Chemist: 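Take a look at the following structure, please.
No experiment lies behind these values; they were computed from the predicted model shown.
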Amino acid sequence: SLAIPLSQNEMLRKQKQPKTPTQLRQRMQHRTPLDEIHDANLDSQYKTSVASVSLARYLCEHIESLHLSAQTRILDTHDYLVMLVPLIDEPPWTRRRRQIESS
């Protein structure tokens, strides 16, 4: 989902353009069951992405334990290292917040 442009990537858009506390409160008060399902789907996508990053880290740490054919497939066929570039460019585990509104 990181290869999708920002205008179409809701997870990345939420990260780069966080809502203010007032906007979040209003959204929570007026959210429909369909909105809850949509939010659960985004949460599931996020958790899957984080799990895949953990798997990628494990593979990178133990790549010398794999057979040469598996190493070649990961590095050449699937171009695994280039796949990780969007994660370095836009890490999903960072959190951005707007300034708290003054009362």
Chemist: Not counting sequence neighbours, which residues clear side-chain contact (heavy atoms from CB on, under 4.5 Å) with A70? List them please.
Modeler: L66
Chemist: The criterion is side-chain contact (heavy atoms from CB on, under 4.5 Å); which residues satisfy it with L68, sequence neighbours excluded?
Modeler: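 For L68 the side-chain contact (heavy atoms from CB on, under 4.5 Å) partners, ignoring immediate neighbours, are Q71, T72.
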Chemist: Does any pair with a residue in residues 59-85 pass salt bridge (charged side-chain N to carboxylate O under 4.0 Å, His left out), and if so which ones, sequence neighbours excluded?
Modeler: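 Non-adjacent pairs meeting salt bridge (charged side-chain N to carboxylate O under 4.0 Å, His left out): R57-E61.
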Chemist: Could you work out, with side-chain contact (heavy atoms from CB on, under 4.5 Å) as the rule, every residue matching R27, not counting sequence neighbours?
Modeler: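 Residues passing side-chain contact (heavy atoms from CB on, under 4.5 Å) with R27: K14, K19, R31, D35, D39.
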Chemist: By ring pair (Phe, Tyr, Trp, His ring centres under 6.0 Å), which residues pair with H62, not counting sequence neighbours?
Modeler: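 Partners of H62 under the ring pair (Phe, Tyr, Trp, His ring centres under 6.0 Å) test: Y58.
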Chemist: Can you tell me if T48 uses its side chain to pair, donor with acceptor, with the backbone of S44 under 3.5 Å?
Modeler: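 Flag set: sc T48 to bb S44 pair under 3.5 Å.
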Chemist: Look only at the side chain of H30 and the backbone of Q26, and say whether a donor-acceptor pair between them is shorter than 3.5 Å.
Modeler: yes
Chemist: Any sub-3.5 Å donor-acceptor pair from Q23's side-chain atoms to T20's backbone N or O?
Modeler: yes
Chemist: Can you name the side-chain hydrogen bond (donor to acceptor under 3.5 Å, both in side chains) partners of H38, sequence neighbours left out?
Modeler: E10
Chemist: Testing the basics here: between L59 and Y80, what is the closest heavy-atom pair and its distance to 0.1 Å?
Modeler: CD1-OH, 3.7 Å
